[in-house]
Amino acid sequence: MNVELINSNSNEANVSIKDGDIGILYLIQHELLKNKEIDFAGVIMKHPSTNEIWMRVNTKKNPISQISASTDSAIAVVNDLKKLVNNFK
């Protein structure tokens with residue numbers, strides 16, 4: 001996976017992810033949208049043949065910090081799910 005920051009300022013960040021999984025970004029988007037500081041968090045697949053996904057985040061605080069915190073939160077949710085699934089083995 002290749003992540004590139006397209007542009008960023010104090011309230012907005014646009015990120016390009018190549019060869020990533022859009023499902024993972026939907027989890028991060030979901031965690032972002034739980035935060036009252038987030039004005040907008042969107043994920044789009046540019047085109048299936050390019051394997052490029054974009055994420056845009058508008059926030060009242062540093063968008064990169066918000067993305068990082070939401071990524072950590074999404075990882076915790078997935079780890080909890082993993083524990084539940086492993087209990088059924």
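Numbering of residues begins at 1 and proceeds along the displayed sequence. Worth knowing before you read on, the calculation uses all heavy atoms, side chains too, and leaves out hydrogens, waters and symmetry mates.
- Val43 and Phe40 fall into different hydrophobic clusters, defined by Ile, Leu, Val, Met, Phe, Trp and Tyr side-chain heavy atoms under 4.5 Å apart, directly or through other members.
- Side chains of Ile6 and Trp54 form a contact here, defined as non-hydrogen atoms less than 4.5 Å apart.
- Both Ile28 and Tyr26 are part of a single hydrophobic cluster, where members link through side-chain heavy atoms under 4.5 Å apart.
- In the hydrophobic clustering, Leu81 connects to Val85, either directly or through intervening members, whenever side-chain heavy atoms lie under 4.5 Å apart.
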Requested in this report: Test side-chain contact (heavy atoms from CB on, under 4.5 Å) on Asp19 and Asn2 and set out the steps.
Outcome: CA-CA 7 Å; Asp19 299 321; Asn2 182 17; 5.8 Å; no
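- For the side-chain hydrogen bond (donor to acceptor under 3.5 Å, both in side chains) test, residues two or more places apart in sequence or in another chain that qualify with Asn7 are Asn14.
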**Report entry** side-chain contact (heavy atoms from CB on, under 4.5 Å) assessment of Val57 paired with Met55
**Finding:** CA-CA 7 Å; Val57 177; Met55 175 178 264; 4.0 Å; yes
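- Smallest separation of non-hydrogen atoms from Ala13 and Ile67: CB-CD1, 4.4 Å.
- Across every non-hydrogen atom of Pro63 and Ser10, the tightest pair is CD-O, 3.4 Å.
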Query - Intermediate values then yes/no, side-chain contact (heavy atoms from CB on, under 4.5 Å), Lys18 and Asn51 - result: CA-CA 6 Å; Lys18 293 183 181 169; Asn51 291 328; 5.8 Å; no
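- In this structure, the side chains of Leu27 and Val78 come closer than 4.5 Å at one or more pairs of heavy atoms.
- Considering only heavy atoms from C-beta on, Ile17 comes within 4.5 Å of Leu25 through its side chain.
- Scanning for side-chain hydrogen bond (donor to acceptor under 3.5 Å, both in side chains) contacts around Lys36 gives an empty result, with sequence neighbours left out.
- Within the structure, every pair that satisfies the side-chain hydrogen bond (donor to acceptor under 3.5 Å, both in side chains) test and touches residues 58-68, not counting sequence neighbours, is listed here: Glu12-Asn58, Asn35-Gln66, Asp39-Lys60, Arg56-Asn58.
- Side-chain atoms of Ser70 and Glu31 form no donor-acceptor pair, as typed in the model, at a separation below 3.5 Å.
- Scored by the side-chain hydrogen bond (donor to acceptor under 3.5 Å, both in side chains) test, Asn9 finds no partners at all (sequence neighbours excluded).
- Here the CG-NZ distance, from Asn86 to Lys82, works out to 6.5 Å after rounding to the nearest 0.5 Å.
- Under the rule for a side-chain hydrogen bond (donor to acceptor under 3.5 Å, both in side chains), the partners of Ser49 that lie at least two apart in sequence or sit in another chain are His47.
- In this structure, CD on Gln29 lies 14.0 Å from CD1 on Ile24, to the nearest 0.5 angstrom.
- Leu33 and Val77 fall into different hydrophobic clusters, where Ile, Leu, Val, Met, Phe, Trp and Tyr residues are linked whenever their side-chain heavy atoms come under 4.5 Å apart, directly or through other members.
- Summarising the geometry of Ile64 relative to Leu5, their closest heavy-atom pair is CD1-CD1, 3.8 Å, with the distance given to 0.1 Å.
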